A.B. asks: 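First the structure, which I've put down as structure tokens, then a few questions once you've had a look.
None of these values were measured; they are calculated from a predicted model. Order of the sequence lines fixes the chain letters, A, B, ..., with proteins taken first and strands second; residue numbering starts at 1 for each chain.
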Amino acid sequence: MNIDIEDLTKTFGAQTALHPVSLTIPSGALVALLGPSGSGKTTLLRILGGLEIPSAGRVRFDGQDATGLRVQDRRAGFVFQHYALFRHMTVFENIAYGLRARPRRSRPTRAEIDRRVHRLLDLIQLPDIGPRYPSQLSGGQRQRVALARALAIDPRMLLLDEPFGALDAKVRKELRQGLREIHDSTGLTTVFVTHDQDEAMELADVVVVMSMGRIEQVGPPAELRSRPTSRFVETFLAR
Amino acid sequence: MSDVVHPAHTPVTTEPRTVRLLVILLVLSLVAVLLLAPLAAVFTEALADGLPAALQALTQPDARSAIVLTLLVAAITVPLNAAVGIAAAWAIARFDFRGKAFVVTLIDLPFSVSPVVAGLALVLLFGSNSTVGGWLIAHDMRIVFALPGIILATLFVTFPFVARELIPVMLEQGRAEEEAALTLGASGWRAFRTVTLPNIRWALLYGVLLCNARAMGEFGAVAVVSGKIRGETTTMPIMVEMLYNEYLATAAFSLAAALALLALVTLALKSLLEWRHADVLAATRRH
Ligand SMILES: Nc1ncnc2c1ncn2[C@@H]1O[C@H](COP(=O)(O)OP(=O)(O)O)[C@@H](O)[C@H]1O
Ligand SMILES: [Mg+2]
């Protein structure tokens with residue numbers, strides 16, 4: 001799905017989190033929102049997911065105005081910064097949540113839910129952890145469960161907030177590859193937030209560099225490296 | 001390091017045994033003197049003339065009506081306060097609004113105001129000498145010296161219990177899980193029912209039990225608004241005091257023992273629930 005962001009603004013009281021930002025994300029792209037802490041990445045991602053209402057501007061999904069679309073109707077697979085797994089539910093129940101929450105007429109049967117959850121557990125290569133609770137998983141396992149839970153609703157796009165932020169270096173590398181594979185096999189338009197330029201440059205097709213609520217530059221990693229358009233981009237990537 | 005042999009049971013704490021024993025002994029004797037002894041005394045006194053006499057005292061019409069009234073007041077005020085407490089905690093933990101700090105302070109008000117003052121305030125507001133009270137009485141609705149007044153007084157006194165228990169838990173848990181439910185297509189109500197409520201259930205249970213204990217045990221505020229009309233507006237604690245003042249020791253202590261038993265039952269209920277759900281509790285406490 002193709003995403004158009006037009007002159008999006010967000011203020012929290014006196015604080016401006018996003019100055020007007022505009023951006024087009026082509027269908028099927030794997031996009032990184034890269035920038036230092038406080039640059040407005042999470043705010044932009046949450047607006048796409050319908051968790052935050054923009055102060056001004058517009059969002060379009062496949063050309064259709066989606067600015068006022070309810071979060072429930074967006075079908076955006078959202079992976080939260082600390083995963084936000086339901087701690088009182090097993091992994092199976094976590095992944096099945098979105099399917100069970102559907103209105104009765106479009107809700108899959110029990111057997112169908114069972115089948116789909118197991119297929120997702122296979123996809124994240126953790127076929128046996130269905131009965132466990134989130135507290136009994138490692139950080140990397142939690143991240144993959146969060147991804148499977150987001151994929152279960154058959155989303156139109158994937159939105160991930162610092163998906164590797166809470167993990168150690170070795171697991172990070174593995175899971176980067178995992179996200180790349182899931183993106184390639186599903187073909188979903190994917191936007192992830194990171195403050196780690198290595199991660200953005202290695203994983204993304206397109207990197208969006210942000211600073212202080214503004215988009216500094218948009219382009220493929222190689223282009224950002226060879227032709228930074230501002231001092232900020234140059235120094236931020238050189239770290 | 002390898003040549004240091006640790007005995008199997010070396011404790012991590014370094015306090016000498018005697019100190020630990022002394023502290024434990026001190027705590028145990030305090031518990032015994034402050035909590036267990038009074039309880040034991042009440043039960044001993046109640047059973048001084050034997051169990052039949054104690055039960056007989058409890059079946060007297062005044063005692064019976066006091067028990068029924070107390071249970072009725074608890075049955076009305078506890079669910080109401082649980083619902084309002086959840087709503088208040090949710091609003092405070094999840095939203096930023098003007099005057100939030102003031103509302104938080106307000107929730108604690110019943111803790112800092114003497115119950116007698118609360119009762120008097122209700123009498124002033126709704127008594128026959130006030131405009132509101134006069135109007136209500138003219139329209140045949142009694143608040144003061146009747147059940148509604150007792151309920152209002154109990155609601156006021158027990159208001160903080162549920163909200164106080166829930167606010168820190170909800171603040172600590174944050175919004176993320178609820179938001180995750182919404183992105184997965186759940187309605188606000190479904191997210192509340194399937195995510196918020198299960199996450200706060202133990203704090204809620206604890207708050208409800210405390211609220212219930214206080215609702216059944218409240219004396220000061222109820223004493224003022226109820227007017228102590230025997231057999232009509234006397235709750236168990238008030239009836240206990242009246243019987244005691246009339247030197248009816250067995251009756252007074254039987255009713256007091258019954259009140260204490262009700263409290264013990266709620267405590268036992270809580271322990272039972274915790275024991276039955278120990279595995280889920282351990283698994284869900286924290287990531
Ligand atoms: N709910 C909020 N209330 C007030 N200010 C906020 C809120 N969310 C974000 N902000 C502010 O908006 C700015 C951008 O935040 P955010 O989008 O979280 O940045 P990033 O994800 O890039 O670290 C920050 O200055 C932050 O303090
Ligand atoms: Mg962020």
Side-chain angles (χ1 to χ4, degrees), chain A residues 12-13 42 45-46 48-52 70-91 93-103 106-107 131-139 141-142 145-146 149-155 157-159 161 166, chain B residues 86 89-90 92-101 165-166 168-207 273-287:
Chain A
F12 295 101
T42 297
L45 196 77
R46 286 171 60 85
L48 291 181
L51 292 170
E52 215 78 73
R70 291 192 325 149
V71 47
Q72 289 94 341
D73 299 331
R74 292 196 178 214
R75 286 197 16 238
F78 207 108
V79 175
F80 288 78
Q81 188 163 10
H82 300 287
Y83 317 131
L85 295 177
F86 305 129
R87 65 191 90 186
H88 62 291
M89 296 184 202
T90 62
V91 167
E93 290 166 335
N94 264 277
I95 299 176
Y97 188 90
L99 296 172
R100 289 176 175 165
R102 284 192 190 168
S106 59
R107 194 182 306 158
R132 292 211 225 152
Y133 283 93
S135 59
Q136 299 163 326
L137 305 179
S138 72
Q141 289 173 327
R142 278 179 208 163
V145 171
R149 182 178 71 176
L151 287 169
I153 60 167
D154 190 17
M157 66 194 130
L158 265 184
L159 307 172
D161 195 356
Chain B
I86 291 172
W90 192 66
I92 285 164
R94 293 294 182 262
F95 302 107
D96 279 315
F97 51 89
R98 230 178 255 249
K100 184 160 142 173
E165 284 297 320
L166 294 187
V169 176
M170 288 180 118
L171 279 177
E172 200 235 31
Q173 290 179 341
R175 278 221 71 167
E177 285 181 52
E178 288 163 19
E179 288 182 338
L182 299 183
T183 65
L184 294 169
S187 64
W189 171 239
R190 189 185 176 90
F192 178 77
R193 223 167 17 86
T194 58
V195 176
T196 316
L197 214 49
N199 272 340
I200 59 170
R201 62 189 157 185
W202 291 104
L204 179 62
L205 175 69
Y206 200 63
L273 281 170
E274 275 178 353
W275 174 71
R276 287 252 325 254
H277 298 279
D279 47 340
V280 185
L281 257 180
T284 57
R285 194 144 269 168
R286 201 170 282 241
H287 280 198

A.B. asks: List the steps, then state whether side chain to side chain contact (heavy atoms under 4.5 Å, CB included) holds for B:M170 with B:Q173.
C.D. replies: CA-CA 5 Å; B:M170 288 180 118; B:Q173 290 179 341; 5.5 Å; no
A.B. asks: Measuring heavy-atom distances to chain B, does A:R100 have an atom under 4.5 Å in its side chain, in its backbone, in both, or in neither?
C.D. replies: both
A.B. asks: Determine the minimum heavy-atom distance between A:Y97 and B:V195, stating which atoms define it.
C.D. replies: OH-CG2, 3.9 Å
A.B. asks: For atom OH of B:Y206, is the number of surrounding heavy atoms from other residues, nucleotides or ligands below 6.0 Å larger than 12?
C.D. replies: no
A.B. asks: Shorter than 4.5 Å, heavy atoms on both sides: which option in A:R102, A:R70, A:R75, A:R149 has the most such pairs with chain B?
C.D. replies: A:R149
A.B. asks: Give the member of B:G174, B:S187, B:A181 that has the highest number of heavy-atom pairs under 4.5 Å with chain A.
C.D. replies: B:A181
A.B. asks: Quick one: does B:F192's side chain get under 4.5 Å of B:I86's, heavy atoms only?
C.D. replies: yes
